[in-house]
Structure formats: structure tokens, C-alpha cells
> 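Questions regarding the structure given below will be posed in turn.
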Amino acid sequence: VYSYDYGDGRYYCHSRFTEGNVYIQRANDAEISELSRNMPIMAGDRIWTEDGRAEIQFDDGSIINLDAGTIIDFEAIGDSIGRYEDSSLIKLWAGSIYATIFHDRDSSQNLQVQTMAGSISLLNRGSYRIDLGDDYSLRLTVFDGLAEVSNNRETAMVRSGQRLFLEPGDQIMDPVDFANAEIDEFSEWVMERTSHFSQTKSVQYVDDTLDYLVDEMDDYGDWRYSDD
């Protein structure tokens, strides 16, 4: 299990997987580097994908998947016990992300996503997708879970099986129900990545609360029975 604490009040998340061209720029550093697997990501860092995709994991197991053409800034990275920072805050400037939250959170420990159109708080265990258009229009899809969307004027709750559209500066309209999720290359990629959790050897040996780690356990070791 990763240690996400630098010991000086800085927490970090890490990249679980990358493919194609994915880059990172550290806070207060003009140098641009390729983002590689297991690289730590700290508050102030920017990540963007060109023709590639990436998978980022927080210390409580929550995962965000980045589609090609996505730009995000990590404004704050929370730790699950609230020792330093309660909530994680990212700014989405372009592209699409898919978030998988493995544990329910209280109001002070949610994952927040800021966009030009509004702010989104992912409140419960579940699966969420956020897409930005070229005009910064927002589309939030809640496959399972509960999200809160707000701007300078109002707030709306979006529940499982609902989708919300929002333009910058517009009034927040009621979310709409959807019957079937749209399937595109990004959603297919996310489903392929997610399927790894149930197809690993380690899943039979660990508690359900650690199921987000099972594929990495397979990558870095194996299981043996001991007589001790």
C-alpha cells in the first residue's frame, strides 16, 4: 500500500497507468516531463494528455481516468484521515474525466472538480463522468452515486441515472434521466481498465475495502501459502 504522506503536510496521489503522450508540469517549475507510472502528483501540478490517456489514484482508492485532450490542475490533495487536507480539488480546463469513488465521504472530504461553468462535488461512492465542450460547456453524468453542482447563484443535486448540462454563466437547470449510457472510445477504455479489478488473482485474498489495489498486487508479487 502506498505511503501518500511526505511528513511535512504534503499529500500526493499517483499515476497508476498511462498510455500515449501524457505530460506533467510541477508547481513553480517551467520544465515539462512525461508522466510515467507510479509518479507522485502533488498540489500545484498540472497534467495534460495529448493523444494519450491516464489513470490517477488518491490515497482512499478513488480513481480518475483522463481522456485524450484533457487538462487538469491539482489544486489540493486531501488525505483520507483529514490530517492535513480534507478535500481534494482539481480544476478541469478541457477534455473528459471519469471518476470512480470507492468509499462514501462526508461533506468535508469529497472530491471537488471546478470548471468554467460550475463546481462539482462528488459526494458518494459511485461512478461519474464529466465532459467539457470547446465552449467550456459542462456535462455531468452520474452512473451511480450523488453529486452536487453549483455556480455563483444556485445549487443542484444530481443522482444515479441522471445527467446535467450547464453553460458558463447560465442558470442551473434540473438534471434529466437517461436510460442508457453512451458508449464511445473513452468509456470503452475505462470499462477495460475497471474490469481488471475483478479479473486478478489477488481479489480472492484481500478484503473488499482494498479491491482497488488488487491489480497492482498482481503486478508486483504473487501469493503463497505459508505453514507458519
Side-chain angles (χ1 to χ4, degrees), residues 13 16-17 53-68 70 72 77-78 80 86-92 95-115 117-133 137-151 154-166 172-200 202-204 206-216:
C13 49
R16 282 174 53 97
F17 180 82
R53 294 189 173 106
E55 186 173 273
I56 312 299
Q57 187 168 49
F58 295 85
D59 83 315
D60 68 344
S62 298
I63 292 173
I64 56 172
N65 299 92
L66 282 63
D67 195 13
T70 297
I72 60 172
I77 298 176
S80 57
D86 287 330
S87 298
S88 294
L89 171 63
I90 62 176
K91 287 187 177 179
L92 177 63
S96 300
I97 65 172
Y98 190 104
T100 304
I101 309 300
F102 283 94
H103 305 286
D104 288 339
R105 297 161 175 252
D106 62 34
S107 59
S108 66
Q109 292 182 315
N110 52 58
L111 174 61
Q112 301 177 37
V113 182
Q114 288 188 348
T115 73
S119 179
I120 304 163
S121 295
L122 308 181
L123 302 177
N124 287 356
R125 176 187 180 117
S127 302
Y128 309 82
R129 176 167 171 169
I130 303 170
D131 300 284
L132 289 187
S137 59
L138 163 68
R139 183 179 76 166
L140 166 66
T141 304
V142 179
F143 301 102
D144 181 39
L146 177 67
E148 179 184 79
V149 180
S150 60
N151 57 17
E154 52 206 340
T155 299
M157 305 303 291
V158 187
R159 294 172 169 78
S160 300
Q162 292 186 326
R163 181 175 286 136
L164 183 140
F165 301 88
L166 183 61
I172 297 179
M173 306 300 289
D174 291 335
V176 297
D177 296 335
F178 66 91
N180 298 302
E182 299 175 4
I183 302 298
D184 58 10
E185 289 185 5
F186 180 44
S187 60
E188 289 179 343
W189 182 78
V190 172
M191 287 188 289
E192 180 182 353
R193 291 291 308 156
T194 305
S195 68
H196 291 179
F197 296 127
S198 61
Q199 296 175 357
T200 63
S202 298
V203 71
Q204 60 184 308
V206 300
D207 187 85
D208 290 345
T209 58
L210 296 175
D211 56 5
Y212 57 87
L213 292 172
V214 292
D215 60 331
E216 292 188 324

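Residues take their numbers from the sequence shown, with the count starting at 1. Keep in mind that this is a model prediction, so the values were computed, not measured.
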> Closest approach of Val190 and Asn65, non-hydrogen atoms and distance?
CG2-CB, 4.0 Å
> Could you tell me whether the side chain of Ile120 reaches within less than 4.5 Å of the side chain of Leu138, counting heavy atoms only?
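Yes, side chains in contact.
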> What is the distance from atom CD of Glu148 to atom CG of Asn124, rounded to the nearest 0.5 Å?
11.5 Å
> Considering only heavy atoms from C-beta outward, does the side chain of Tyr98 approach that of Ser127 to under 4.5 Å?
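Of all side-chain heavy-atom pairs linking Ser127 with Tyr98, at least one is under 4.5 Å.
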> Please confirm whether the backbone N or O of Leu66 pairs with a side-chain atom of Arg53, one donor and one acceptor, at under 3.5 Å?
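Here the side-chain-to-backbone pair does not exist.
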> Kindly give the heavy-atom pair with the smallest separation between Ile183 and Ser187, and that separation in Å.
CA-OG, 3.4 Å
> With heavy-atom distances below 4.5 Å as the criterion, would you say the side chains of Arg129 and Phe143 are in contact?
yes
> Can you classify the ring geometry of Phe17 versus Trp189 as parallel (below 30°), tilted (30 to 60°) or perpendicular (above 60°)?
tilted
> What closest approach, in Å, do Gly95 and Thr70 show between heavy atoms, and which atom pair accounts for it?
CA-OG1, 3.5 Å
> First locate atom CD of Gln162, then atom OG1 of Thr141, and finally report the distance between them rounded to the nearest 0.5 Å.
11.0 Å
> Looking at CG of Asp184 and OG of Ser96, how far apart are the two atoms once the value is rounded to the nearest 0.5 Å?
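The OG atom of Ser96 is 7.5 Å from CG of Asp184, to the nearest 0.5 Å.
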> May I ask you to check whether over 12 heavy atoms, not counting those of Glu154, lie within 6.0 Å of atom CD?
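Yes, the 6.0 Å shell around CD holds more than 12 heavy atoms from other groups.
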> Just how far is it from atom OG1 of Thr100 to atom CG of Asp144, taken to the nearest 0.5 Å?
10.5 Å
> Give, for atom CD1 of Ile64 and atom OG of Ser88, the distance between the pair rounded to the nearest 0.5 Å.
9.0 Å
> What residues form a salt bridge (charged side-chain N to carboxylate O under 4.0 Å, His left out) with Arg159, not counting sequence neighbours?
none
> Which heavy atom in Gly145 sits nearest to a heavy atom in Tyr128, and how many Å separate them?
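Scanning both residues, the minimum pair turns out to be CA-OH, 3.4 Å.
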> How close do Gln57 and Cys13 get, heavy atom to heavy atom, and via which atoms?
O-CB, 2.9 Å
> Does the side chain to side chain contact (heavy atoms under 4.5 Å, CB included) test come out yes or no for Phe102 and Phe58, once each step is laid out?
CA-CA 10 Å; Phe102 283 94; Phe58 295 85; over 6 Å; no
> State, to 0.1 Å, how close Asn151 and Ala117 come at their nearest heavy-atom pair, and which atoms those are.
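So the minimum-distance heavy-atom pair works out to CB-O, 4.0 Å.
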> Under the side chain to side chain contact (heavy atoms under 4.5 Å, CB included) rule, what do Leu164 and Ile172 come out as? Steps first, then yes or no, please.
CA-CA 9 Å; Leu164 183 140; Ile172 297 179; 3.9 Å; yes
> If I take atom CZ from residue Arg163 and atom CG from residue Asp177, how far apart are they, to the nearest 0.5 angstrom?
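Separation between the atoms: 10.5 Å.
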